[in-house]
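Let me begin by presenting the structure, written as C-alpha cells, before commenting on it.
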Amino acid sequence: MEELDGRKKKILKAIIQTYLDTGEPVGSRTISKFTDLHLSSATIRNEMSDLEEMGYIHQPHTSAGRIPSDKGYRLYVDALMAEKDEEIAEIKEVMIEKTDKMEKVLKQVVKTLAQNTNYATLISAPSFSSDRLKFIQLSRLNNLQLVVVVVTAGNRIRNEIIDLDEQMSDDTIFKLNFLLNNSLNGIPAAEINLGMIAQLKEQAGQYGEVVGSVLDAVANIIQVDEDLAWPQ
C-alpha cells in the first residue's frame with residue numbers, strides 16, 4: 001500500500017470490511033460512523049474519489065456507494081498476508097526457543113509425579129479444536145505440493161503438506177487463501193461442518209478438491225493435537 005497515505009489506507013480497509021459484512025455498496029456516511037478518523041462525510045467523499053481514480057474502488061451506478069475493485073481486494077489481502085506472515089514468524093521464533101525446554105519440563109513433571117504417587121501419570125495438551133481459527137495460509141512447497149499452516153486464537157501453529165494433481169498459479173493460491181480466511185476466520189475449528197465444506201468447495205469452482213484437501217489437513221491437524229500427550 002506504498003502509494004496510499006494512512007488515511008486512504010484506513011478508508012479503503014473500512015470500505016472492504018463493510019462491503020464483506022453487508023454485501024452492499026458503501027457510502028461516506030457509513031465510513032464516517034465505523035472508523036476512528038473523525039472526518040466529515042465530505043472529506044471522506046474526496047478520499048473515496050481519489051481511491052476510485054487510483055482504481056481501488058468503483059461505483060456500480062451513479063447513486064450508489066463504492067465497492068472494492070479487484071485491485072483493492074488484492075492490496076487488502078496482500079497487507080493482511082504481510083501482517084500474518086510477520087506474526088507467524090514472530091510466533092515461530094518464540095516457539096522454537098521455548099518448545100524444546102517446555103517439553104523437557106513437562107516430561108520431568110510427569111516422571112516426578114509418577115515416582116511420587118506410584119500412579120500412571122498423563123499430561124495432555126490443550127484442545128486445539130476449542131480454539132477459533134485465526135489464520136490459514138497456503139504456501140507453495142514445490143510445483144505439486146502446498147504446505148497448509150494453521151494458526152489458532154491461542155497462537156498455536158500446526159502445518160501439514162498436501163499433494164496437488166497439477167501445478168497451481170500464485171494467483172490461484174492467493175485467491176484460495178482469501179476465500180478460506182474470509183470464510184473461516186474466527187470460527188472454532190470443531191464447528192467446521194459438512195455444509196460449510198460443501199459451500200467452500202462450490203465457491204472454489206475447479207479447485208474445490210484442493211479446498212477439500214486443505215480442510216482435511218485442518219481436521220488431521222486438530223486430531224493430532226487432541227491426541228498429543230506425555231504418558232509415564
Self-check item: Trace of the side-chain contact (heavy atoms from CB on, under 4.5 Å) decision for Leu146 with Leu164
Solution: CA-CA 8 Å; Leu146 297 178; Leu164 303 174; 3.9 Å; yes
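- Inter-residue side-chain proximity for Ser32 and Ile44 is flagged as met; some heavy-atom pair is nearer than 4.5 Å.
- Across every non-hydrogen atom of Arg140 and Asp170, the tightest pair is NH2-OD1, 2.6 Å.
- Summarising the geometry of Ser69 relative to Gly55, their closest heavy-atom pair is OG-O, 2.5 Å, with the distance given to 0.1 Å.
- Atom CG in Asp5 sits 8.5 Å away from atom CD1 in Ile11 (nearest 0.5 Å).
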Return all side-chain donor-acceptor pairs below 3.5 angstrom for residues 45-54, not counting sequence neighbours, or 'none' if the list is empty.
unit_1, atom_1, unit_2, atom_2, d
Asn46, ND2, Ala42, O, 3.4
Glu47, OE1, Lys8, NZ, 2.8
Glu47, OE2, Arg7, NE, 2.6
Glu47, OE2, Arg7, NH2, 2.7
Ser49, OG, Arg45, O, 3.0
Glu52, OE1, Arg66, NE, 3.1
Glu52, OE1, Arg66, NH2, 3.0

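- Inter-residue side-chain proximity for Met196 and Leu215 is flagged as unmet; no heavy-atom pair is nearer than 4.5 Å.
- Nearest approach of Ser213 to Ile162, heavy atoms of both residues: O-CG2, 3.9 Å.
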Can I get a per-line list of side-chain donor-acceptor pairs under 3.5 Å for residues 176-184, giving both atom names and the distance, sequence neighbours left out?
unit_1, atom_1, unit_2, atom_2, d
Asn177, OD1, Leu138, N, 2.7
Asn177, ND2, Leu138, O, 3.1
Asn177, ND2, Ile173, O, 3.3
Asn181, OD1, Ile136, N, 2.9
Asn181, ND2, Ile136, O, 2.7
Asn181, ND2, Asn177, O, 2.8
Ser183, OG, Leu179, O, 2.9

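- Side-chain atoms of Leu4 and Tyr56, non-hydrogen and from C-beta on, do get closer than 4.5 Å to each other.
- For Gln199, the CD atom sits in a loose shell: 12 or fewer heavy atoms of surrounding residues, nucleotides or ligands are nearer than 6.0 Å.
- Ionic pairing of Lys175 and Asp171 is present here: one or more N-O contacts between side-chain nitrogen and carboxylate oxygen are shorter than 4.0 angstrom.
- Contact check for Val26 versus Ile67: no side-chain heavy atoms found under the 4.5 Å cut-off.
- Within 6.0 Å of the CG atom in Asn193, the count of heavy atoms belonging to other residues, nucleotides or ligands exceeds 12.
- For Ser41 against Arg29, the heavy-atom pair with the smallest separation is OG-CG, 3.6 Å.
- Under the rule for a ring pair (Phe, Tyr, Trp, His ring centres under 6.0 Å), Phe174 has no partner lying at least two apart in sequence or in another chain.
- Other residues, nucleotides and ligands contribute at most 12 non-hydrogen atoms within 6.0 Å of the CD atom of Glu209.
- Distance alone, capped at 3.5 Å, places no donor-acceptor pair between the Thr172 side chain and the Met168 backbone.
- For the atom pair CD1 of Ile31 and CD1 of Ile15, the computed distance is 5.0 Å after rounding to the nearest 0.5 Å.
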